[in-house]
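Below is one structure, written out as structure tokens; the observations come after it.
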Amino acid sequence: MKQKLLEISSELRSYHKAEKLFILFAMICGFCITSEYSVTKPVSYSVFISHFSASFLPYAWLATVPINLLIITLYNKCLTRFGCFKTTLFTVLTTASFNVISTFTLKDIAAFSFLHFIWKDIYVLMMFQFLWSVIHSTISARKTKYLYGFLYSMGGLGSALGSFIPALLATKAGSETLLFATPIIYTVFIFSYKGLLTMRSNMESAGIKVGSIEFKKKDAKGGFSLIRNSKYLKFILLIVVFMQMSASLIDFQFNSYLEQAIPLKDMRTAYLGKIFSVMHTANIFLQLFGAYILVQFVGLRRSHFLVPAFFTLNIISFIFFPVFRVITMCYASVKSFDYSIFTIIKEMLYVPLKVEEKFRAKAVIDVFAYRSSKAISSLLVLGLQTLAIASVTKVVSWILLVIFTLWLLSVFYLFKRQESPTKQASS
């Protein structure tokens with residue numbers, strides 16, 4: 001292990017100046033995205049629950065499907081017509097403006113809270129899409145094993161530090177006021193993103209091989225058709241759907257218990273901020289060391305088995321001990337794995353793909369399918385509520401066990417058939 005770290009340190013020192021600055025700007029961008037979201041997320045959740053209660057969450061998740069589809073359609077069109085930077089800039093300006101307006105409207109207008117909750121779940125994935133598609137097209141597959149951990153750990157640090165804002169200020173300043181942080185943080189982001197693209201161009205000028213991020217107007221093949229024609233992309237789609245179905249169901253369980261345990265809005269926001277700060281601190285360790293150790297010593301394919309296996313043990317503990325503290329631990333651990341180990345090993349699967357697949361197909365999977373998979377979970381929860389099941393949260397636990405079992409089976413079956421791309425991604 002020590003020898004490996006020395007080799008990595010030596011290789012990092014040998015990087016061209018443009019490569020080092022590219023990595024630095026990528027880290028700053030990741031930090032900005034996660035720190036801003038760590039402020040917006042607890043505010044959005046807390047205000048939403050105050051207006052509608054946790055039982056209304058499935059309706060919001062269902063509403064994300066058509067909006068998600070519209071956003072992805074616009075994204076593919078704008079990417080071809082305006083390019084990567086202008087499309088990113090427009091998204092940043094839209095998000096910052098929406099959050100500033102929300103500071104004055106969320107408290108009193110329930111419908112605006114509903115819209116903000118939906119947009120909150122979409123824009124953050126778009127921001128990660130803009131960042132990671134460029135990273136995948138720049139960093140070689142050989143370097144992903146250690147660089148992705150560094151990049152994600154900076155995002156984890158942003159999440160941890162950003163979570164302190166609602167944890168410390170929500171009860172003093174009010175939940176909605178915290179959204180003024182968005183334009184400040186995203187101003188730093190957009191300058192860093194411009195620097196990222198500039199350093200990428202400098203790398204090309206220095207003779208460093210990088211992938212293309214340019215799209216011709218005639219090259220209009222959409223992300224949906226790319227997935228339809230690729231078994232490998234279908235596999236990535238499937239594991240993302242399983243991950244997000246399980247995360248959203250545990251999300252529902254946790255918020256149901258949270259609403260009963262902490263009924264006051266600002267206290268609930270502060271509690272969420274504290275939980276997220278602890279969770280994101282754990283993420284930093286998992287991102288820096290956990291993913292690298294797994295991929296290096298266990299292998300990429302086996303790592304994909306370990307994630308659903310861990311979640312299975314996680315939910316079994318809640319079945320035997322269905323109390324608020326246990327569901328909080330389950331929620332925090334699942335979210336930690338989702339934001340660290342699972343995301344890193346999933347992102348590594350994109351490295352050997354073509355530029356159209358890294359941008360267009362990835363957007364469909366990581367934005368549309370990522371959030372729209374919550375709709376499936378929503379239908380399950382609403383179905384249980386319609387049937388007047390006495391304890392919906394307990395039944396959800398058994399549904400989660402079924403999902404994790406299907407996830408394990410699909411990883412075994414699909415990885416067995418996807419030898420070539422997987423070997424490229426793990427080499």
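Starting from 1, each residue takes its place in the sequence as its number.
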What heavy-atom pair brings [X] and [Y] nearest, and what distance separates the two atoms?
X	Y	result
Leu401	Ile315	CD2-CG2, 3.5 Å
His304	Ile345	NE2-O, 3.4 Å
Met245	Ser373	CG-O, 3.6 Å
Leu382	Leu62	CD1-CD1, 3.4 Å
Ile239	Phe342	O-CZ, 3.7 Å

Quick one: does [X]'s side chain have a donor or acceptor within less than 3.5 Å of a partner on [Y]'s backbone?
X	Y	result
Ser38	Gly162	no
Ser137	Val134	no
Ser246	Met243	yes
Ser230	Ile227	no
Ser333	Cys330	yes
Asp251	Ala247	no

Taking the side chain as C-beta and beyond, is there a heavy-atom pair between [X] and [Y] under 4.5 Å?
X	Y	answer
Asn99	Glu36	yes
Phe324	Gln260	no
Phe318	Gln253	yes
Pro322	Ile327	no
Trp132	Leu151	yes
Leu106	Leu179	yes
His116	Thr40	yes
Ile319	Trp398	yes

Determine whether the side chains of Ser175 and Arg268 contain a donor N or O and an acceptor N or O closer than 3.5 Å.
no

Between Ser133 and Gln129, a side-chain donor and acceptor under 3.5 Å
yes

Hey, would you say the [X] and [Y] ring centroids sit under 6.0 Å apart?
X	Y	value
Tyr271	Tyr257	no
Phe191	Phe25	no
Tyr45	Phe117	yes
Phe310	Phe337	yes
Phe112	Phe98	yes
Phe130	Tyr75	yes

Any salt bridge between Lys362 and Glu347, counting N to O under 4.0 Å?
yes

Look at the aromatic rings of Trp407 and Phe404 and report parallel, tilted or perpendicular, splitting at 30° and 60°.
tilted

What distance separates Ser102 OG from Ile109 CD1, expressed to the nearest 0.5 Å?
9.5 Å

